[in-house]
Amino acid sequence: MEQILVVDDDTDILDALQCVLEDAGYTVKTCKDGGHAEGLADEPALPKLIILDVLLSGKDGREICRKLKRTEWTKSIPIVMISAHPTARKSVIASGANKFIPKPLILPISSTP
């Protein structure tokens, strides 16, 4: 099963994305700070996709993205960055992210009770 890493300091966003992605059949790992994402090169199994918030508590997701895109082991992992600041699109793409999605995220509602 393909793994997705979701990094956001908002637990509601983490929970919602985890629910939707797991319903779609993905294995999801979540973390509230960028520390785990920054240390991915040391992980035995890398995620197939990273969803990364632009503004994390104490960290800038764009800087984390730049670091991941410069690292040999992680540079090919697609990164989707999310932010409540729609003006962040330009700086997100400049940081090397593959895609930008503005918050609030519109997530499908699961048909499972």
Side-chain angles (χ1 to χ4, degrees):
M1 204 179 282
E2 293 186 341
Q3 183 184 48
I4 297 174
L5 173 64
V6 182
V7 185
D8 198 309
D9 54 359
D10 183 330
T11 54
D12 291 333
I13 297 282
L14 286 177
D15 292 344
L17 285 171
Q18 183 171 13
C19 252
V20 169
L21 294 168
E22 285 178 349
D23 281 352
Y26 295 97
T27 299
V28 179
K29 181 168 185 146
T30 62
C31 62
K32 291 182 66 167
D33 63 60
H36 181 77
E38 289 178 307
L40 276 179
D42 300 327
E43 292 286 317
L46 296 174
K48 297 293 182 190
L49 172 71
I50 299 169
I51 300 174
L52 177 62
D53 190 19
V54 172
L55 297 175
L56 297 163
S57 297
K59 297 212 180 233
D60 186 327
R62 292 165 291 207
E63 204 43 53
I64 294 169
C65 181
R66 280 186 200 93
K67 181 179 179 182
L68 292 170
K69 291 299 187 176
R70 285 191 309 255
T71 303
E72 186 63 33
W73 294 105
T74 57
K75 69 182 181 183
S76 64
I77 300 171
I79 299 175
V80 175
M81 295 196 73
I82 57 177
S83 178
H85 303 282
T87 58
R89 178 182 305 274
K90 212 179 260 189
S91 65
V92 161
I93 299 305
S95 72
N98 300 82
K99 181 96 174 143
F100 172 75
I101 299 174
K103 292 180 188 177
L105 304 171
I106 302 191
L107 303 172
I109 297 174
S110 174
S111 58
T112 327

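Heavy atoms only: backbone and side chains are in, while hydrogens, waters and symmetry mates are out.
Side-chain contact between Leu40 and Leu46 is present, with at least one heavy-atom pair separated by less than 4.5 Å. With a 4.5 Å cut-off on side-chain heavy atoms, Ile50 and Ile4 do not count as touching.
If you take CG on Leu55 and NZ on Lys103, they are separated by 8.5 Å, rounding to the nearest 0.5 Å. Atom-to-atom distance recorded for Asp60:CG and Ser95:OG is 8.0 Å, nearest 0.5 angstrom. Taken from CD in Glu38 to CG in Asp33, the straight-line distance is 8.5 Å, to the nearest 0.5 Å. Distance check, rounded to the nearest 0.5 Å: CG of Leu49 to CG of Asn98 gives 8.5 Å.
For Lys75, the salt bridge (charged side-chain N to carboxylate O under 4.0 Å, His left out) criterion is met by Glu72, not counting sequence neighbours. Residues forming a salt bridge (charged side-chain N to carboxylate O under 4.0 Å, His left out) with Arg89 (at least two apart in sequence, or on another chain): none.
Under the 4.5 Å side-chain heavy-atom criterion for ILVMFWY residues, a single connected hydrophobic cluster contains both Leu68 and Leu56. Hydrophobic clustering keeps Val80 apart from Ile77 (ILVMFWY residues linked when any side-chain heavy atoms are closer than 4.5 Å, directly or through intermediates). When hydrophobic clusters are built by joining Ile, Leu, Val, Met, Phe, Trp and Tyr residues whose side-chain heavy atoms come closer than 4.5 Å, directly or via intermediates, Phe100 is not grouped with Leu17. There is no path of hydrophobic side-chain contacts, each under 4.5 Å, that joins Tyr26 to Leu5. Residues Val6 and Met81 do not share a hydrophobic cluster, clusters being chains of Ile/Leu/Val/Met/Phe/Trp/Tyr side chains in contact below 4.5 Å.
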Discussion item. For Thr30 and Asp15: C-alpha separation, side-chain torsions, deciding distance, then whether side-chain contact (heavy atoms from CB on, under 4.5 Å) applies.
Written reply: CA-CA 9 Å; Thr30 62; Asp15 292 344; over 6 Å; no

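Taking a 6.0 Å sphere around NZ of Lys69, one finds it holds more than 12 heavy atoms contributed by other residues, nucleotides or ligands.
Checking side-chain atoms of Thr71 against main-chain N and O of Trp73 turns up no donor-acceptor pair under 3.5 Å. Proximity of a side-chain donor or acceptor of Asp9 to a complementary backbone N or O of Lys32 within less than 3.5 Å is not detected.
Here the options are Val54, Ile93, Leu52, the test is side-chain contact (heavy atoms from CB on, under 4.5 Å), and the partner is Arg62; only Val54 passes. For the pairing with Ile82, the side-chain contact (heavy atoms from CB on, under 4.5 Å) check across Asp8, Asp10, Val7 returns one residue only, Asp8.
Across all their heavy atoms, His36 and Cys31 have their closest contact at CB-SG, 3.7 Å. Closest non-hydrogen pair, Asp53 versus Ser83, comes out as OD1-CA, 4.1 Å.
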